[in-house]
Protein chains: 2
Amino acid sequence: MSIQRQTLREQIEAEIMNRVSAGDFGMGDSINEVALSVELGVSRTPLREALISLSQQGVISRVSGKGFRWAPIGAQDFQEAVQIIAALESLALTLTPAEYLAKIAPQLVEQAREFTASVSSAQEIHDHDDAFHSLLTSGSPNKRLAEGIASYKLALRRYERLYVGNTDLMERAAAEHETISEALQAGDVPAAIEALKDNWNNSVPRIISALRGSVPVRG
Amino acid sequence: MSIQRQTLREQIEAEIMNRVSAGDFGMGDSINEVALSVELGVSRTPLREALISLSQQGVISRVSGKGFRWAPIGAQDFQEAVQIIAALESLALTLTPAEYLAKIAPQLVEQAREFTASVSSAQEIHDHDDAFHSLLTSGSPNKRLAEGIASYKLALRRYERLYVGNTDLMERAAAEHETISEALQAGDVPAAIEALKDNWNNSVPRIISALRGSVPVRG
DNA sequence: ACCTCCAATTCTGTATACAGTATACTGAAT
DNA sequence: ATTCAGTATACTGTATACAGAATTGGAGGT
């Protein structure tokens, strides 16, 4: 396997997203390009390119002449993204050949069970959730769809830290994963899709309440 | 209404898309940044920013170290985009309040009828189609969804010129628009959604046959 | 005290310059 | 004749420089 060259712009994107999900930036605040470029140790050119790329994905908003700013987060925004992802993942399931779904159903069941059993660190839990949904939609022949789902999920990373410590939410998600995978194992794709939508939509009220408490309000 | 300042990058994006839908570029060909910047009369910096933005939307693909290239078009690509748009517009309808749909239903019926009557220039027809779908999804409260739909439709502009002269396709689309709007007027949203999906999916085989004939193959 | 206008500064948007990598070409060796 | 190495060229990726707009601060007036 050849080593994959990574351009500076891509590294900047990744680093910014890491810091975003760590909560390093005040959402809604404007971005000072020179300050950020100095902080990251790069010049403004690749930084701006990264910011433009991220602004296409809803992580950053931009006003002509006034530069970039961290896109505000909120209940509305979260819900909108979740609605879209739910629809797109549902589409992915619809497009996936039934035999593929039947093939991966056992693995999905197993992953869901592991998920329930191991209530470990928040990061670990999140990875587990990602892996489940990733495997679930891995059989879709629509490549552009996969990219789109990934893009929208990137926007959700801004809400990642709100999950921390919310084991309640995670346990419920685990149960829903079991429902999804068992429906697939039974060959009932429509039921799986419904369960999948529920899985996403149920995350909304929890995050909303988490938002009320823990999000720093701009001053 | 204040005039809206438009940054050079945005103008470049628009101009590129105009040329793309005019078929000025050989799809699949690599992009020479300096040549294109000279041709557009701008420097490479805003051009690259525009290219990055467009590459996020599937109009341009990019290989690390080898620069940008015009994303190849083809039956597969077209179908993938259409599947996604159909799902997203369906979601938009689902999210739109029923009373709003009832309110715009008469206008939609009227637009559909006009559509059928006036089989004028290809451009005009296309605008009509755009206006119909735009009005249809205008009631969705999900702003991000609207952006997403617009983004995916941008990618379809690469196929625009294939519609030229295909009045057959357009007449059929008109009939489908009537079906959709009449279902809404009858208050049957699920039926409208199904008709909407059909409307999109029916465009695929037509475009595929058009692709076979009229797309220049790389040499 | 508050408002207005002007200046100074800060920051974005754009252009140009530089560096490193990929590609094309030339020539020699087998 | 073909293939491989070496070199030259072209182009991308990144840094720096410049121009103009937006914001901030203060001086002067009401």
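Chain letters run A, B, ... following the sequence lines, proteins first and then strands; every chain starts at 1.
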### Query
Checking all strands, does Leu36(B) fall into the base, sugar-phosphate, or nothing category for heavy-atom contacts under 4.0 angstrom?
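The residue Leu36(B) makes no contact with any strand.
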
### Task
Using a 4.0 Å heavy-atom cut-off across all strands, classify Thr7(B) as base, sugar-phosphate, or nothing.
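If one applies the 4.0 Å heavy-atom cut-off, Thr7(B) turns out to touch the sugar-phosphate alone, with no base involved.
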
### Query
With sequence neighbours excluded, what pairs up with Phe25(B) under the ring pair (Phe, Tyr, Trp, His ring centres under 6.0 Å) test?
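Testing Phe25(B) for ring pair (Phe, Tyr, Trp, His ring centres under 6.0 Å), a comparison that skips the adjacent residues, returns Trp70(B).
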
#### Entry: First encountered from the 5' end of DNA chain D, between Gly65(B) and Ser64(A)
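Going by which nucleotide is closer to the 5' end, it is Gly65(B).
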
### Query
Toward the 5' end of DNA chain D, which comes first, Arg48(B) or Arg44(A), by nearest nucleotide?
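The answer here is Arg48(B).
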
Rounding to an integer number of Å, can you tell me how far [X] [atom1] sits from [N] [atom2]?
X	N	atom1	atom2	answer
Asn32(A)	dC11(C)	CG	P	5 Å
Leu51(A)	dC11(C)	CG	P	15 Å
Arg9(B)	dG13(C)	CZ	C1'	10 Å
Ile31(A)	dG13(C)	CD1	P	11 Å

### Lys/Arg N to Asp/Glu carboxylate O, Glu176(B) vs Arg172(B), below 4.0 Å
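Counted as a salt bridge, because a side-chain N and a carboxylate O are separated by less than 4.0 Å.
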
### Task
Check the pair Arg48(B) / Glu49(A) against salt bridge (Lys or Arg N to Asp or Glu O under 4.0 Å), numbers first and verdict last.
CA-CA 8 Å; Arg48(B) 274 180 62 89; Glu49(A) 294 187 349; 2.9 Å; yes

### Nearest-nucleotide 5' precedence on DNA chain C, Val42(B) against Lys66(A)
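Result: Lys66(A).
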
### Task
Any chance you could lay out the side chain to side chain contact (heavy atoms under 4.5 Å, CB included) test for Glu89(A) and Asn199(A), step after step, and finish with the verdict?
CA-CA 11 Å; Glu89(A) 285 198 350; Asn199(A) 177 226; over 6 Å; no

### Message
Closer than 3.5 angstrom, by distance alone: can the side chain of Tyr159(A) be matched with the main-chain N or O of Ser21(A) as a donor-acceptor pair?
### Response
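Pair absent, no side-chain N/O of Tyr159(A) close to backbone of Ser21(A).
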
### Message
Tell me which one of Glu147(A), Gln56(A), Gln57(A) satisfies side chain to side chain donor-acceptor pair (under 3.5 Å) with Gln56(B).
### Response
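When side chain to side chain donor-acceptor pair (under 3.5 Å) is applied between Gln56(B) and each of Glu147(A), Gln56(A), Gln57(A), only Gln57(A) qualifies.
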
### Message
Students should find this one: the first and last nucleotides of DNA chain D, 5' to 3', lying under 4.0 Å from a heavy atom of chain B. What are they?
### Response
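Nucleotide range with atoms under 4.0 Å of chain B: dC11(D) to dA22(D).
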
